[in-house]
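This structure is a prediction, so every number in the text was calculated from the model and none was measured. Naming: A, B, ... by sequence-line order, numbering from 1 per chain.
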Amino acid sequence: MTAKDHMARAEHLPNAERFARALLEWYDTHRRDLPWRGTRDPYAIWVSEIMLQQTQVARVAEYFARWMARFPTVQALAEASLDDVLKLWEGLGYYSRARNLHKAAKVIVEERQGRFPRTAAEWQKLPGVGPYTAAAIASIAFGEPVAALDGNLKRVLARVCLVETPINTPEGTRLLHDIAQALVPSQRAGDWNQALMDVGAEICTPRSPRCLLCPVQTHCAAAAHQRQHDLPRRRARGKRPHYLVTAALIWNEAGQLLIAQRPHDKMLGGLWEFPGGKCEAGETLDACLRREIREELGIEIEVGEHLTTVEHAYTHFSITLHAFHCRYVGGEPQALGVADWRWVFPDELDAFAWPSTDAKIIATLRAAQLTAESED
DNA sequence: CAAACGTGGTC
DNA sequence: TGACCAAGTTT
């Protein structure tokens, strides 16, 4: 389907000039005061946009200041180690964002002499920068009139234009992109994008939209037809599987723990963990753990006392993770199914970047150690 | 293109 | 409690 066909189906396209005027007027007095606003530094805007992918503003705010203090320039980031980068990203999720941000910083410094792209098309060539992020940076930092179609714009414009197509489909995305691009003004495109994001975050929310406060309510077809509660439509996603998983706290005679780094091209890539893995059908936790450790590290262990159980939901599946104290029996560890491994004392654990499940195991371990000490 | 990719908060 | 959601990108 062509862009023109899409537009023909958007019967409720508002007048672009009046829509933009109402939106920007509201933005001038109601804009949120966010840490990455008020700068035109492409690096700061880029970092914020990568952090904001699928992540709420309040959460990013916790990480952004710390990041900018540690890596204030693209040169500082390019010179950093991936381990340091992941440690600062720890807990934010979607770690390929951090790996790609680091990779792209090296490209900018080493191949572009430290010069940032100026257009969305150029930005999108960098790893981790897709259509949304490229448009956001180009419009905010360089004033390019391109629509930055994020979840907020999709929701707001689906309501304003009464879009019935599910917004989480390629077709819905194409349609909404065409609508957004038809509406974005040639001046102040960055403010226009951010204004729509603010409206989406604070007024045109997924449930209970506050239409009475909305600056574009008079332009909104959904509000006119009382459809704001059943738009936008989404295609339901399937049910996610649940897995039983084990993790081993393998102690050697020196009182050190064996930790492993996850493969860089896999989920949670580059983060460290207590090794283990998914239980197979009919397998006991004990057998699962010994098998996984043999497969990933080529060593033999003895499974001991149960430490804790962690329930966790990822995007596409959930797990029940059983962590056990284990005794190192023999064999020289090898990086068979892991990127790296290390023997470390418990007080050295904080230097590594952990997935949230393993962070919970460490917290339990610390609590148990404190209890043991107070009993001495 | 569908599926993979994190986490914490909300209803 | 479980399903949904949040400034998406990559393969």
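- Distance noted for atom P between dT11(C) and dG6(B): 13 Å (whole Å).
- In this structure, NZ of Lys239(A) is placed 12 Å from C1' of dT1(C), rounded to the nearest angstrom.
- Rounded to whole Å, atom C1' of dA4(B) lies 12 Å from atom CG of Leu268(A).
- Distance check on atom C1': dA7(C) versus dA3(B) gives 22 Å, rounded to whole Å.
- Contact annotation: Arg155(A) reaches the phosphate of dA6(C) (side-chain N/O to OP1 or OP2, under 4.0 Å).
- For Tyr94(A) and dG6(B), a side-chain-to-base donor-acceptor distance below 3.5 Å is present, hydrogens and geometry of angles not being considered.
- Surrounding CZ of Arg118(A) are at most 12 heavy atoms belonging to other residues, nucleotides or ligands under 6.0 Å away.
- The separation between Leu321(A) atom CG and dG6(B) atom C1' is 15 Å, rounded to whole Å.
- Nearest to the side-chain atoms of Thr315(A) among the listed nucleotides dA7(C), dC5(B), dG8(B) stands dC5(B).
- When distances run from any side-chain atom of Arg207(A) to the nucleotides dT7(B), dG8(C), dT10(B), the shortest one goes to dT10(B).
- If you find the closest nucleotide of DNA chain C to Arg240(A) and to Val129(A), the one lying nearer the 5' end belongs to Arg240(A).
- Candidate nucleotides dG6(B), dT9(C), dA7(C) were compared by shortest atom distance to the side chain of Leu52(A), and dA7(C) ranks first.
- With salt bridges taken as basic N to acidic carboxylate O contacts below 4.0 Å, none links Asp358(A) and Lys360(A).
- When the side-chain nitrogen and oxygen atoms of Arg234(A) are compared with OP1 and OP2 of dC5(C), one or more of them lie within a distance under 4.0 Å.
- You'll find that the side chain of Arg37(A) is closest to dA7(C), out of dA7(C), dG6(B), dC5(C).
- Between Arg59(A) and Phe317(A), the residue anchored nearer the 5' end of DNA chain B, judged by the nucleotide with its closest heavy atom, is Phe317(A).
- Listed pair Gln54(A) / dG8(C) meets the phosphate criterion, a side-chain N or O lying under 4.0 Å from OP1 or OP2.
- dG6(B) atom P lies 20 Å from atom CD of Glu311(A), rounded to whole Å.
- Under 3.5 Å, the side chain of Thr55(A) and the base of dG6(B) form at least one donor-acceptor pair of N or O atoms.
- Comparing Pro170(A) and Lys266(A), the nucleotide of DNA chain B nearest to each residue sits closer to the 5' end for Pro170(A).
- In this structure, of dA7(C), dC5(B), dA2(B), it is dA2(B) that holds the atom nearest to the side chain of Arg235(A).
- Rounding to the nearest 0.5 Å places CH2 of Trp251(A) at 4.0 Å from CG of Leu257(A).
- Counting atom types as modelled, His316(A) pairs a side-chain N or O with a base atom of dA4(B) as donor and acceptor under 3.5 Å.
- Here the side chain of Arg237(A) is nearest to one of dC5(C), dT7(B), dG6(B), namely dC5(C).
- Remark: the backbone N or O of Gly269(A) is paired with a side-chain donor or acceptor of Arg99(A) at under 3.5 angstrom.
- For Thr133(A) and dG8(C), a side-chain-to-base donor-acceptor distance below 3.5 Å is absent, hydrogens and geometry of angles not being considered.
- Taking the six-membered ring for Trp and thresholds of 30 and 60 degrees, Trp123(A) and Phe116(A) have nearly parallel ring planes, at less than 30 degrees apart.
- Nearest to the side chain of His312(A), among dT7(B), dC4(C), dA6(C), sits dT7(B).
- Taking atom CH2 of Trp89(A) as the reference point, atom P of dT7(B) lies 13 Å away to the nearest angstrom.
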field: Full working for side-chain hydrogen bond (donor to acceptor under 3.5 Å, both in side chains) between Arg155(A) and Asn152(A)
entry: CA-CA 5 Å; Arg155(A) 183 175 59 255; Asn152(A) 288 303; 2.9 Å; yes
